[in-house]
Amino acid sequence: QVQLVESGGGLVQAGGSLRLSCAATPRSFSINAMGWYRQAPGKQRELVATITSGGIRNYADFVKGRFTISRDNAKNTVYLQMNSLKPDDTAVYYCKADRSRPPYENWGQGTQVTVSS
């Protein structure tokens, strides 16, 4: 069993910044890619960014140039630096870890990000 704990969410004004963290406990060498997804009220959960254990990054078009995903493999922790936040970024942000053995997908409980205008 892998527990993912997100932190760093909160309320910010448009144009502000937040840094989200997601720590996997206990540490597991079976974890491959990790990433961030978000879900706004009335919308489907959508990909924000992913990063492999080798450091390959993938971003959704709507966050390119504003968000940066990073990973500390030794700590099994993934980060999401969010700059130039917009009200449309308001959502619950979820951390996901992909494993090479069941359960293949592991989700955190989410952290709320609210951007006011």
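Count residues from 1 along the sequence.
Contact detail for Gln112 and Ala91: the closest heavy-atom pair is NE2-O, 3.4 Å. Nearest heavy-atom pair across Gly9 and Val113 is CA-CG2, 4.2 Å. Nearest heavy atoms, Leu4 versus Cys22: CB-SG, 4.0 Å. Smallest separation of non-hydrogen atoms from Met34 and Ile69: O-CD1, 4.2 Å.
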Test side chain to side chain contact (heavy atoms under 4.5 Å, CB included) applied to Glu6 and Leu20, step by step:
CA-CA 7 Å; Glu6 302 100 331; Leu20 306 183; over 6 Å; no
Between Lys86 and Asp89, does a salt bridge (charged side-chain N to carboxylate O under 4.0 Å, His left out) hold up when you go through it step by step?
CA-CA 5 Å; Lys86 306 174 181 179; Asp89 295 321; over 6 Å; no
In sequence, state the C-alpha distance, the side-chain angles, and the governing distance for Asn106 and Lys96, and then conclude on side chain to side chain contact (heavy atoms under 4.5 Å, CB included).
CA-CA 6 Å; Asn106 298 264; Lys96 183 170 77 77; over 6 Å; no
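Annotation: the span from Thr50 atom OG1 to Asn58 atom CG amounts to 4.5 Å, rounded to 0.5 Å. Of the inter-residue distances, the one linking Trp36 atom CH2 with Glu46 atom CD reads 15.0 Å to the nearest 0.5 angstrom. Of the inter-residue distances, the one linking Leu80 atom CG with Thr111 atom OG1 reads 11.0 Å to the nearest 0.5 angstrom. Atom-to-atom distance recorded for Ile51:CD1 and Asn32:CG is 13.0 Å, nearest 0.5 angstrom.
Judged purely by distance below 3.5 Å, without hydrogens or angles, the side chains of Asn83 and Ser17 pair a donor atom with an acceptor atom.
Side-chain contact check for Tyr59 versus Thr68: some heavy-atom pair is nearer than 4.5 Å. You'll find the side chain of Arg71 reaches within 4.5 Å of the side chain of Ser53, heavy atoms only. Counting heavy atoms from C-beta on, the side chains of Cys95 and Val78 come closer than 4.5 Å.
In this structure, Thr90 contributes its side chain and Val115 its backbone to a donor-acceptor pair below 3.5 Å. Looking at Arg45, its side chain never comes within 3.5 Å of a backbone N or O of Gln39 through a donor-acceptor pair.
Every pair passing ring-ring contact (aromatic ring centres under 6.0 Å, His included) that includes a residue from residues 88-115 is listed here, sequence neighbours excluded: Tyr37-Trp107.
Because its NZ or CZ atom is both nearer than 6.0 Å to the ring centre of Tyr79 and within 45° of the ring axis, Arg19 counts as a cation-pi partner of that residue.
Heavy-atom contacts from other residues, nucleotides or ligands closer than 6.0 Å to CD of Gln109 number 12 or fewer.
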